[in-house]
Amino acid sequence: MRKFKTFTVPREGEKISFKNKKLLVPDYPVIPYIEGDGIGTDIMPAAQKVLNAAVEKSYGPGRKLVWVEIFAGEKAFKKYGEWIPKETYEAIRFFMVSLKGPLTTPIGGGYRSLNVTLRQILDLYACVRPVRYFEGVPAPVKSPQDVNLVIFRENTEDVYAGLEWKKGTPEAKKLISFLNKTLKARVRPDSGVGIKPISAFATKRLVRKALQYALDNNRKTVTLIHKGNIMKFTEGAFRDWGYEVAKKEFGKLTVLEEELRGAEVPPGKIVVNDRIADSIFQQILIRPKEYDVLACPNLVGDFLSDAAAAQVGGLGMAPGGNIGEGTALFEATHGTAPKYAGQNKVNPGSLILSGAMLLEYLGWKEAAGLIYAGLEKALRQKTVTYDLERQMSGAQLVSTSGFADRIVAHLNESRLPQPEAVS
C-alpha cells in the first residue's frame, strides 16, 4: 500500500481498483473522507455512523468501510498552509471513492471555488444529483412523491470553464473591438465580456454516462436539456451531440421521441428526447412523472438540480456525487453554514444520502437500501432536526447526532432489501 505524508492508511484497509471500466471493490475498502468546513464537524460523524451501521447490518463482519481522513478547506490551510494539499488529489485518485463535507470558498485570489477545483483537477466530469421524495418531509408542491429524477450535470465546461474580462480593462476592450470589427458583432463598449466553451468531447462523455446509468437502473427516459433555440452552437450543439451518442452508441437500446409519433415504446428501449431549459423548469413542476434522467450543460444543470430538490424538501435532503472514469467523490450539496458549526443542530440528511450513493456506487445496494428505509421511518415518526421540526406539527426535535441515532435504530429494525429493489 502506498504511503502518504499527511495521513496514515489503516492496515486493515485495501485499495479499490478500476479495470475494464469496472470497479473492483474489496471487502474492506479504504474510503478517504474530507470532514468539511463549518457544519462538516457535525454532519460527517453522523453520516459515518449511519453508513457503518448499514454495512454491518447488511454484511456482518464480512464487509467494512475503512475510513481515513484527508484534508481540504480550512482544516488543511491551518495544518499545511494549503487549501487543497497535493496529497489530497493523489489520495482521491489512488483510492477511487471518497466522501466530502461542505467546503468554504477562500476569500481572495487563487480559487473560484474549492469544490469546483476538486471536480476539474480530478476530471470528475459528471455531477450526479438524484432527486426523490421521502415520505414525511415538508414540501412546497402538492405531489412531491411524483418527483423521481436523476440529473447529470456536466462538471468541467460551460461557466465552470468560462473566461471573462471586466468592463474597461484592456483585455475587454481588445476583445470587444475584435468582435465588433472583425466578426461584425454588436457589443456595447461598456460591457464586461465572457466566453463559455461547450465541446463535443465533454458533452458526449456526459450523455454517455447518463444513458448507461439509465440502462443499468431500469430508467425509462433520458432528456437532453439545453437553450439551443437561442445559443445554437453551444447549447444547441449539446443537444445534437447528445442525440449522436444515443443513435451511434446506444442505437439498439434507445428510441428517439420523435420517432415514436405517439406509438408505444418498444419493450426494453429507453426514450431519448430533449427540452428547452426554461420549459423544463415548469414541466418538472406540473408533469414530473414524465421525466426520469436529465442530461444538462453546467449552468442549467446547476439551476435545475437545486430547483428540483426544492420540490422534495430542499438541499438538506439532496445528495450528490461527482463521478469521472472510476473515480468518484460524493458530497453534501449544501453550504458550510458556519453560524451553526459545532452546535450538533443541523440536518445531516444530504451527506447521509450522499453516503448511500457511495454504497450504491460500490455495489453495496443492500446497505444503501437500509439507509433509505431507516431515514424514511425517522421522517414518518417526525423525529427530526430543527429545519424539519419547525415545519411539522407534533414533531420531536433531535440533534444532528440524535437524528443519526434514530436512523440507525430504524435500519437495525428493518429487513434487508433485495438488491433489485433498490433504485
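As the structure is a computational prediction, the values presented were derived from the model and not from experiment.
The neighbour count for F18 CZ, taken as heavy atoms of other residues, nucleotides or ligands under 6.0 Å away, is above 12. For K174, the NZ atom counts as loosely surrounded, since its 6.0 Å shell holds 12 or fewer non-hydrogen atoms of other residues, nucleotides or ligands. At most 12 heavy atoms of other shown residues, nucleotides or ligands fall within 6.0 angstrom of atom CZ in R188. Other residues, nucleotides and ligands contribute only 12 or fewer heavy atoms inside 6.0 Å of the NZ atom of K64.
For the 3.5 Å distance criterion, the side chains of D42 and N344 fail to qualify, holding no donor opposite an acceptor. Using modelled atom types and a 3.5 Å distance limit, the side chains of N322 and E331 yield a donor-acceptor pair. Remark: the R153 side chain and the Y160 side chain contain an N/O donor-acceptor pair separated by less than 3.5 Å. Inspection of the Y291 and R275 side chains reveals an N or O donor paired with an N or O acceptor under 3.5 Å. Side chains of T156 and Q120: no donor on one and acceptor on the other come within 3.5 Å. For the 3.5 Å distance criterion, the side chains of T41 and E35 fail to qualify, holding no donor opposite an acceptor.
Y386 carries K345 over the face of its six-membered ring, with the cationic atom under 6.0 Å from the centre and within 45° of the normal. Taking the ring axis of F95 as reference, the NZ or CZ atom of K15 does not stay both within 45° of it and closer than 6.0 Å to the ring centre.
Between the side chain of Q343 and the backbone N or O of K339, at least one donor-acceptor pair lies under 3.5 Å. Listed for the K382 side chain is no donor-acceptor partner under 3.5 Å among the backbone atoms of L379. A donor-acceptor pair is defined here as one N or O able to donate and one able to accept, closer than 3.5 Å; such a pair exists between the side chain of N180 and the backbone of V187.
Across all non-hydrogen atoms, the minimal contact from W165 to L163 is CH2-CB, 3.7 Å. Summarising the geometry of G324 relative to L124, their closest heavy-atom pair is N-CD2, 3.8 Å, with the distance given to 0.1 Å.
With rounding to the nearest 0.5 Å, the separation of CG in L362 from CG in L24 is 12.0 Å. Atom CG in D158 sits 5.0 Å away from atom CG in N298 (nearest 0.5 Å). Remark: F71 CZ to E87 CD distance equals 10.5 Å, nearest 0.5 Å. Interatomic distance, CD1 of I284 versus NZ of K289, reported as 16.0 Å (0.5 Å rounding).
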Side chain to side chain donor-acceptor pair (under 3.5 Å) assessment of D292 paired with N148: CA-CA 7 Å; D292 202 344; N148 189 358; over 6 Å; no
Criterion side chain to side chain donor-acceptor pair (under 3.5 Å) on Y125 and R119, from CA distance to verdict: CA-CA 7 Å; Y125 60 84; R119 295 167 192 169; over 6 Å; no
Intermediate values then yes/no, side chain to side chain contact (heavy atoms under 4.5 Å, CB included), L329 and L118: CA-CA 9 Å; L329 178 63; L118 282 165; 4.3 Å; yes
Intermediate values then yes/no, side chain to side chain contact (heavy atoms under 4.5 Å, CB included), W83 and T104: CA-CA 10 Å; W83 292 101; T104 190; 4.2 Å; yes
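Between V207 and E154 the shortest side-chain heavy-atom distance does not fall below 4.5 Å.
In this pair, Y33 and W67 present their aromatic rings perpendicular. The plane angle is above 60°, beyond the 30 to 60° band.
Not counting sequence neighbours, the partners of S305 by the side chain to side chain donor-acceptor pair (under 3.5 Å) test are R129.
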